Structure formats: C-alpha cells, structure tokens
Asker: 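Mind having a look at this structure? Questions to follow.
Residue numbering restarts at 1 for every chain, and letters A, B, ... go by the order of the sequence lines. Remember, predicted model here, so these are calculated numbers, not experimental data.
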Number of protein chains: 2
Amino acid sequence: MAVQVTENTPTVALGPAAALSCRECGQRFPLGPIFACQECFGPLEVAYDLPSGDPESLRKQIEAGPDNIWRYAPLLPVPADVADKPNLNPGFTKLVKADRLAAELGVTGGLYVKDDSGNPTHSFKDRVVAIAVEAARAFGFTTLSCSSTGNLAGAVGAAARRAGFQSCVFIPHDLEAGKVVMAAVYGGDLVGIEGNYDDVNRFCSELIGDPLGEGWGFVNVNLRPYYGEGSKTLAYEICEQLGWRLPDQIVIPIASGSQLTKIDKGLKELIALGLVEDKPYKIFGAQAEGCSPVSTAFKAGHDVVRPQKPKTIAKSLAIGNPADGPYVLDIARRTGGAVDDVDDEQVVDAIKLLARTEGIFAETAGGVTVGVTKKLIEQGVLDPSLTTVVLNTGDGLKTLDAVAPTSGPTATIRPDLDAFRAAGLAR
Amino acid sequence: MAVQVTENTPTVALGPAAALSCRECGQRFPLGPIFACQECFGPLEVAYDLPSGDPESLRKQIEAGPDNIWRYAPLLPVPADVADKPNLNPGFTKLVKADRLAAELGVTGGLYVKDDSGNPTHSFKDRVVAIAVEAARAFGFTTLSCSSTGNLAGAVGAAARRAGFQSCVFIPHDLEAGKVVMAAVYGGDLVGIEGNYDDVNRFCSELIGDPLGEGWGFVNVNLRPYYGEGSKTLAYEICEQLGWRLPDQIVIPIASGSQLTKIDKGLKELIALGLVEDKPYKIFGAQAEGCSPVSTAFKAGHDVVRPQKPKTIAKSLAIGNPADGPYVLDIARRTGGAVDDVDDEQVVDAIKLLARTEGIFAETAGGVTVGVTKKLIEQGVLDPSLTTVVLNTGDGLKTLDAVAPTSGPTATIRPDLDAFRAAGLAR
C-alpha cells in the first residue's frame with residue numbers, strides 16, 4: 001500500500017522535519033506521503049532536526065508567535081511561513097483552572113482542564129488536520145480526504161475549504177443526521193459507504209493504491225505521520241500555559257492511542273530543548289468500558305492489546321483495535337501512570353460533573369477522561385496533591401443524546417408567582 | 001419596577017464605571033441593579049471615567065493582558081482584578097481574513113469575519129453574561145437568572161457554575177429539545193413557562209419586583225446596563241486585531257439592537273482615547289425578512305420602529321419589538337450605513353456560502369449578516385473597495401435544522417472502486 005519513495009521523490013520544505021522514521025526498526029525514509037515502513041511495515045513518524053539554540057530565546061520566539069498552534073512552528077513538520085497560509089489556525093485553547101471540580105474530587109495540587117472544544121470545529125481534530133493540510137500542500141495534493149465516523153469528516157471539510165483544497169470524505173452510510181449535516185455543510189463531496197467504519201477504512205486503503213486516488217491526501221492514512229504530530233501541540237500548550245512547567249499528572253482519552261503517544265513525544269521534546277525542567281511526569285489513559293482494549297491489557301499486565309467490538313456512547317473513542325495500543329501501555333508503565341475505564345453511566349455523570357462545577361459542556365470523550373480521573377483518585381492511583389491536567393477533546397453539542405434523557409427542566413409552571421412559589425424554587 | 005436607589009446604596013468598585021446615565025434625558029444614578037430612568041423611564045447605560053493617559057501606554061497595557069475580554073478591563077464596568085476571579089473568560093475570538101469569501105463577493109478592500117462561535121458556549125452571549133456576572137458579584141447577588149429562548153439560558157447556566165453562583169433560568173416550555181439540554185446540563189434550575197417568550201419576560205419582571213426575587217440578578221433585566229457593555233468588546237477586538245485600525249464598514253445582526261449600539265459606543269471610545277485614528281466608519285444592520293422591524297423602518301425613512309410578529313428561521317434574532325431599534329436607525333443614518341434584510345432561503349444560502357469558502361459553520365444569525373452583506377454589495381450600498389468586517393455571532397451546531405434538509409451525502413455507494421467510479425466522483 002505504501003507509495004514507493006525513490007531518489008526522484010522531491011524534497012519538501014517542512015521546517016524542522018528531517019525524515020520519516022520507523023517506530024519499530026528505526027529505518028529512515030525521505031519525507032513523503034507514506035505511512036508504513038518498507039522494511040518491517042511498522043508505523044512511520046516524523047524525525048526532526050530540532051532547534052539547538054538557547055532555550056530562553058526559543059521560548060521568547062514562541063511567546064511572540066500567533067495565538068494558535070503555529071507559535072510552535074519551529075517544532076512541527078510545517079514550513080516556517082505556515083502562519084501566512086490559509087488554514088483554520090486551531091489551538092491555544094483554554095487551560096482552565098478547575099477549582100470547583102478540584103474541590104469535588106479532593107484535588108489539592110491544582111487541577112486543570114485543557115478544553116479543546118474551543119477549536120474551530122470544536123474538537124482536537126482541528127489540530128491534526130491543520131498539520132495534514134500543510135503536508136498535503138507540500139506534496140502537491142489537490143484533494144483532501146479521510147475515513148471518518150463523523151467528527152473528522154467535518155474537520156477535514158472545513159479545513160479543506162479554508163485552505164483552498166477540494167475534498168471528498170467517506171463515512172458509514174447510516175451515521176446520525178447531525179454528523180452528516182456537519183460533514184456536508186462545507187460543500188465538499190461526502191460519500192456514504194454501505195457498510196461500517198471498517199468497510200470505509202478498507203475502501204479508502206484500496207483507493208489510495210489505485211490511480212483513481214492520485215492527488216488525494218488522506219489525512220489519517222497516507223498523511224498520518226504528519227497528522228499525528230498535531231497532537232504534540234497539546235503538550236506544548238499545556239506546559240506553556242502552566243508557565244513553562246510540566247504537569248505532574250495528565251489524563252488523556254484513548255481511541256487509536258495516537259494522541260497519548262504524541263503528547264508524550266511533545267513533553268520529551270520540551271525537556272530535550274530545555275524549555276521545561278527535566279522532571280518525572282505520569283501519563284494516564286482513559287477508555288470507556290464498552291471499548292477498553294488498552295485498559296484491559298494494562299490491568300492484565302499484557303504487552304499486546306486484544307481487539308474488542310465497541311459498544312459505548314463514547315463513539316469518538318470507539319476504536320476496538322487501537323493501532324498505538326502497545327505504545328500507550330509502554331508509556332503508562334514507563335511513566336508510572338495507568339490506564340483505566342468507566343462505564344456509560346459514569347461517563348454521563350462525569351459530563352454533568354464537569355458542567356455543573358466548571359460550566360464546561362464536554363462530549364462523551366471528555367466524560368470518559370473526567371470519569372476515569374475521579375475513579376483513579378478514589379482508588380489512590382492518581383495523587384490528589386500533585387498538579388493534574390485532564391483533557392476535554394470535544395464539545396457536548398456534538399453528543400447531546402448522551403445527556404438528553406437526564407437533562408430537562410426542573411419544573412414547568414404557569415407564568416405567575418403563586419405557581420413559582422408552589423414549585424419550591426424560591427431561594 | 002426599578003429598584004430604588006438611595007443615599008445608602010453601597011458604592012461598588014466596578015473599575016472605570018462612574019454612574020448609570022439615562023440614554024434619553026441624561027439623568028445620572030449611582031451604580032446599582034437598575035435599568036430604567038426614574039425620571040423618564042429611558043434605558044440606563046454605564047457612564048465612565050475613562051483612562052486619560054498616553055494612548056501608547058494604554059495600548060501596551062491592553063496587549064500585555066490576557067487573551068480574553070479582560071484585556072479591556074480598563075474600559076469595562078468590572079473591577080481591576082477581574083481576571084483573577086472565576087469566570088468563563090470569553091472573547092478574543094478569531095478575526096478571520098476571508099479571502100475566498102471576498103473573491104466570491106467581489107470585495108477587494110479586505111473582508112474579515114469576526115467569528116464569535118469560538119466563545120465558551122459558542123455565541124457572543126458569553127461576552128455580555130461575563131460582564132453581568134461581575135456586576136452580580138459586586139451587588140451581592142447569589143442567584144443568576146434570565147429570560148431566554150435558549151442560547152442565553154445556556155450561557156447563563158455555564159457562567160453561573162464557573163463563577164460559583166446559583167442559577168435559575170426561565171424559558172418557554174415548548175423549546176427545541178437540544179436547547180433545553182444545553183440549558184439544563186449545567187445543573188442550575190431550569191423552569192419552563194407555559195407561554196411564549198413574552199410571557200416569560202413578563203413573569204421575570206414580576207419576579208424582580210417581588211420579595212421572592214430578592215438576591216436575584218437577571219442578566220438581561222436588572223443587570224442589563226452592565227450586560228450590554230459586553231458587546232463593546234467586539235469593537236475593541238476588531239480594531240486591535242486589525243492592528244489598531246477602524247474598519248471602514250461593519251455589518252452587525254440586529255435582535256434587540258443592543259449589540260449594534262454598543263459596538264458603535266466602543267468604536268467611539270477607542271477614537272476618544274486616541275487608540276485608533278479618528279476617521280469615518282459605516283455601520284450596517286442585518287435582519288431576517290421574517291422579523292425586520294428595523295430594516296422596514298430604515299427603508300421607509302421612519303424614526304420609530306413598528307413591532308412585528310416574528311416568523312423566521314433566525315430565531316436568535318426574532319425580536320419583533322427591538323428596544324434599541326430607534327438608536328440603531330440613528331447610528332446607521334449618522335454613519336452613512338444602512339439596514340437591510342434577507343429571506344430564509346437567502347439565510348441558508350449564506351450559511352453555506354460562508355461554510356464552503358471559509359470553513360466557518362455559522363448559526364442562522366451569521367447567515368443573516370453574510371446574506372445582507374452580499375445583498376448590499378450587489379446593490380452598490382456596501383463599497384467593495386473598503387475594509388469590511390462581518391460578524392458571526394453564533395455556531396451552526398445550534399441551528400442544524402436550518403441546513404439539514406439541503407446538506408446530505410453527495411452519493412451513497414458500495415465499498416468498491418467500481419461503484420466509486422460509477423458515481424462520477426473521481427477527480
């Protein structure tokens with residue numbers, strides 16, 4: 001499936017990105033639209049020549065940059081003038097000091113919610129897609145594409161239009177109406193595939209290998225090595241927003257596991273660059289019980305992840321065979337963290353807990369991380385005396401159904417004071 | 001209905017806010033939770049002692065402030081240490097250079113979209129509520145409230161929880177399910193009123209005058225003078241984001257008309273403070289044809305606004321008897337602007353135009369402003385050679401129904417290349 005890289009592959013200018021490197025065998029390849037090692041079929045990731053100068057001047061350069069992910073352009077596979085190109089410019093979302101949530105959970109060391117619902121299409125997907133867009137531009141693609149269960153389709157549709165690409169995205173034909181609208185409104189082609197998400201994925205892989213797919217950049221397939229790097233910006237922002245400090249503990253949702261591994265990569269880069277103090281941090285992974293292959297493996301002490309058939313309301317995390325599962329296990333164990341899961345009822349409770357303490361309405365994935373945080377504190381696994389960051393990766397407006405059955409009016413009354421008094425709502 | 005202000009009314013520290021002043025007769029009152037002049041029943045607004053120093057140092061102070069509306073604290077009715085209090089911290093949303101939209105509309109002088117869907121609950125309401133929260137804190141209120149057709153209820157519910165207030169908000173009992181969920185999920189009391197929005201409003205006015213309402217701050221009633229000032233921040237941000245320049249033309253949606261009048265107030269303050277050059281600007285108002293009382297009065301050359309019974313998909317603009325209508329007419333005429341309207345079909349077309357050119361999915365109110373902008377350019381009323389800013393005040397996720405009937409898959413196919421080829425989607 002991998003595109004052949006030859007000596008004639010054009011050199012592209014993607015800032016500090018030097019090559020693609022195999023995560024398994026270390027073999028390096030020139031930067032190109034490939035995603036699997038031609039030696040061992042391991043996943044490729046971006047290798048960098050990172051800046052080697054004085055940390056203080058790099059820090060100043062970053063702080064003087066734009067209020068979006070391009071402030072970190074010196075650490076990303078993007079051209080130096082990326083901020084001048086049309087792009088949705090996601091990132092630099094709020095890191096909310098969650099004092100009321102902390103009080104409820106008994107956290108005394110400082111609790112923060114990194115709220116990615118503030119991104120342009122209201123999920124962290126805008127970060128990864130923004131980087132894929134710049135890779136697509138560098139490789140001369142004219143059409144942006146993806147396989148998606150909904151959120152990514154919207155993010156790609158929106159980003160493609162801003163950046164001046166055509167787009168054609170693929171979804172299962174029986175998606176919820178709201179997600180279809182979001183994916184279609186940007187006006188690119190939207191194709192319903194008669195089948196489930198696996199069928200959509202298989203079809204996309206076929207298309208990439210066929211002349212029909214020439215000129216197409218699939219953000220989560222042939223552009224995946226670049227796309228994934230977008231998640232590093234979550235690590236950068238968290239540390240910068242903490243005053244260039246590493247958090248002690250960080251709780252991250254797991255779908256494919258890519259986000260968690262890239263956040264770890266980002267934290268390690270900041271240490272290597274001297275932008276933050278080198279000190280231990282613990283990474284915790286959060287899954288929904290109905291799709292908990294990594295959590296199950298973690299608790300069983302396994303190194304391999306056994307696929308599951310997902311059944312959970314946290315649909316954006318419902319990947320039963322997570323590609324980066326083994327790497328997640330390694331990171332959680334190496335840093336002294338953990339992976340755990342909560343059931344759907346706990347997910348709903350956690351969405352409401354976050355909403356009623358901090359006024360943040362999270363999508364189900366945010367309920368998973370908050371719910372797992374609560375569970376791990378109760379179990380004594382997370383240390384409440386340490387600085388802790390919890391990720392909310394999406395917006396509650398996209399998963400209204402999860403809370404709708406239990407979120408209604410306190411009372412319905414006639415418009416008069418007697419009726420109000422009778423309802424017992426006076427303070 | 002107005003609370004009596006006596007010599008014993010406590011003095012509150014709301015930064016540069018000096019008094020309340022009647023918009024009609026100029027009578028001044030001490031800062032307090034009142035909203036109508038006790039002499040002539042005219043609307044009250046905040047009068048300031050604005051900073052008198054060197055513009056350059058004020059500009060630097062603002063630029064060094066937080067990435068939200070509190071960077072403008074020296075110009076708002078809030079305490080100087082407002083940024084340290086728990087609040088949703090809205091604002092400093094993106095000003096998007098809309099080159100692809102400009103090309104479609106033939107604008108050559110620079111077209112920008114001020115995209116307020118990036119606020120915490122995804123509408124400009126977060127700005128006005130944030131200011132009302134600080135007023136409520138200053139006046140010692142313990143419960144935040146409002147009458148709402150949905151969006152405001154969510155914004156108040158969220159802000160109240162973050163700031164540590166109780167909340168009780170009132171909505172018509174037959175609201176769409178999605179809006180009810182948004183209003184309820186934050187956990188404050190949500191009361192459905194058997195009646196329409198007018199009945200809800202009447203009931204809230206009764207409650208304010210009754211001992212039952214003691215300690216209650218209604219953001220859009222007894223805190224309205226403070227609440228309204230939040231819209232000034234749109235003017236400040238637009239100018240700062242343009243490099244401390246006034247736009248030549250600005251297109252603003254009209255519901256009550258408050259937002260438009262406060263943006264004008266904000267622009268005039270920036271000129272008075274020397275933060276921008278003193279030069280003419282034109283303000284344009286946008287309504288939906290199905291609720292166009294101000295547009296109708298403007299076109300007829302009237303000074304008074306005749307109420308209408310709203311019937312439009314742009315529900316967040318559906319105020320048939322806009323309180324600030326006459327002031328809007330005055331501003332549009334004084335600045336050389338205009339007020340116009342578009343029908344529901346044009347609203348939907350404009351939402352899609354913005355989505356397919358810039359990747360911004362606006363709520364119906366955003367469709368109204370983009371649609372009216374297009375119409376005014378075609379009519380030669382808006383000058384395409386001038387710098388123009390168009391407001392998007394909310395998020396398309398909240399008004400999915402408007403575009404759902406015409407936003408679906410391009411094709412639905414079997415997962416194979418032959419089916420794809422047959423669908424005619426190959427590039």
Side-chain angles (χ1 to χ4, degrees), chain A residues 67 86 88-89 94 99-100 118 142-143 158-159 161-162 164 166 168 173 177-178 180-181 184-187 189-195 199-200 202-203 206-207 210 212 215 352 355-359 361 396-398 400 403-404 407-415 417 420-421 425-427, chain B residues 67 86 88-89 94 99-100 118 142-143 158-159 161-162 164 166 168 173 177-178 180-181 184-187 189-195 199-200 202-203 206-207 210 212 215 352 355-359 361 396-398 400 403-404 407-415 417 420-421 425-427:
Chain A
D67 293 334
L88 288 180
N89 301 336
K94 291 180 195 300
D99 289 341
R100 286 164 48 82
T142 50
T143 297
R161 299 332 283 235
R162 175 72 63 80
Q166 294 188 63
C168 181
H173 72 296
V180 173
V181 172
V185 74
Y186 302 103
D189 282 325
L190 172 70
V191 179
I193 292 288
E194 291 165 0
D199 296 314
V200 179
R202 244 188 320 269
F203 170 76
E206 254 188 273
L207 188 51
D210 191 272
L212 276 175
K352 291 180 162 186
R356 80 175 153 76
T357 51
E358 300 299 336
F361 183 21
L397 282 176
K398 294 193 185 186
L400 282 174
V403 293
S407 295
T410 320
T412 300
I413 61 169
R414 293 188 319 277
L417 295 175
F420 180 69
R421 209 175 276 112
L425 293 169
R427 259 64 187 166
Chain B
D67 292 333
L88 288 181
N89 302 336
K94 291 182 197 297
D99 290 341
R100 285 165 48 83
T142 51
T143 297
R161 302 329 286 233
R162 175 72 63 80
Q166 293 188 63
C168 182
H173 72 295
V180 173
V181 172
V185 75
Y186 303 104
D189 283 324
L190 172 70
V191 179
I193 293 288
E194 291 165 359
D199 296 315
V200 178
R202 244 189 320 270
F203 170 77
E206 255 189 90
L207 187 52
D210 191 273
L212 276 176
K352 292 180 163 184
R356 81 176 153 75
T357 51
E358 300 298 336
F361 183 22
L397 281 176
K398 295 193 183 184
L400 281 174
V403 293
S407 296
T410 319
T412 301
I413 62 169
R414 293 188 320 277
L417 294 176
F420 180 70
R421 208 174 278 113
L425 293 167
R427 260 63 187 165

Asker: By a 4.5 Å heavy-atom criterion (distance strictly below it), what part of A:Thr357 contacts chain B: side chain, backbone, both, or neither?
Answerer: backbone
Asker: Let's test your reading of the structure: which of A:Arg162, A:Arg356, A:Lys398 forms the most heavy-atom pairs below 4.5 Å with chain B?
Answerer: A:Arg162
Asker: Is it the backbone or the side chain of A:Ala159 that comes under 4.5 Å from a heavy atom of chain B, or both, or neither?
Answerer: neither
Asker: Mind listing the closest non-hydrogen atom pair of B:Asp210 and B:Leu212 along with its distance?
Answerer: OD1-N, 2.8 Å
Asker: Any idea which of B:Cys168, B:Gly118, B:Gly195 has the most non-hydrogen atom pairs under 4.5 angstrom with chain A?
Answerer: B:Cys168
Asker: Working to the nearest 0.5 Å, report the span between CD1 of B:Ile413 and CZ of A:Phe203.
Answerer: 4.5 Å
Asker: B:Ala177 versus chain A, heavy atoms under 4.5 Å apart: side chain, backbone, both or neither?
Answerer: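 For B:Ala177, there is no contact with chain A at all, as no heavy atom is under 4.5 Å.
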Asker: To check you understand the geometry: which heavy-atom pair defines the closest contact between B:Gly178 and A:Leu400, and what is its length?
Answerer: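 The pair with the smallest heavy-atom distance is CA-CD1, 4.0 Å.
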Asker: Against chain B, work out which of A:Thr143, A:Leu425, A:Asp99, A:Thr412 has the most heavy-atom pairs shorter than 4.5 Å and name it.
Answerer: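 Most heavy-atom pairs under 4.5 Å with chain B: A:Thr412.
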Asker: Does any heavy atom of chain B fall under 4.5 Å from the side chain of A:Arg414, the backbone, both, or neither of them?
Answerer: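 For A:Arg414, heavy atoms of backbone and side chain both lie under 4.5 Å from chain B.
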Asker: Sort A:Asn89 into side chain, backbone, both or neither according to what part of it lies under 4.5 angstrom from a heavy atom of chain B.
Answerer: both
Asker: Would you mind telling me which of A:Leu397, A:Val200, A:Val180, A:Asp199 has the largest number of heavy-atom pairs within less than 4.5 Å of chain B?
Answerer: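 Counting heavy-atom pairs under 4.5 Å, the top option is A:Leu397.
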Asker: Could you tell me which portion of B:Asp189 (side chain, backbone, both or neither) has an atom closer than 4.5 angstrom to a non-hydrogen atom of chain A?
Answerer: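 Both parts, backbone and side chain.
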Asker: Tell me, out of A:Gly396, A:Ser407, A:Gly187, who's got the most heavy-atom pairs with chain B below 4.5 Å.
Answerer: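 The candidate making the most pairs under 4.5 Å is A:Ser407.
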Asker: At a heavy-atom distance under 4.5 Å, which candidate from B:Gly215, B:Gly408, B:Ala426, B:Pro86 has the highest pair count against chain A?
Answerer: B:Gly408
Asker: Side chain to side chain contact (heavy atoms under 4.5 Å, CB included) for A:Val403 and A:Phe361? Distances and angles first, verdict last.
Answerer: CA-CA 10 Å; A:Val403 293; A:Phe361 183 21; 3.9 Å; yes
Asker: In terms of heavy-atom pairs under 4.5 Å with chain B, which of A:Ile193, A:Asp67, A:Val181, A:Leu417 leads?
Answerer: A:Leu417
Asker: Rounded to the nearest 0.5 Å, what's the gap from CZ on B:Arg161 to CG on B:Leu88? Could you check?
Answerer: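 These two atoms lie 12.0 Å from each other.
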Asker: How long is the gap from OH on B:Tyr186 to CD on A:Glu358, to the nearest 0.5 Å?
Answerer: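 B:Tyr186 OH to A:Glu358 CD: 12.0 Å, rounded to 0.5 Å.
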Asker: Look at the side chain of A:Glu194 and the backbone N and O of A:His173, then say whether any donor-acceptor pair between them is shorter than 3.5 Å.
Answerer: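 Flag not set: sc A:Glu194 to bb A:His173 has no pair under 3.5 Å.
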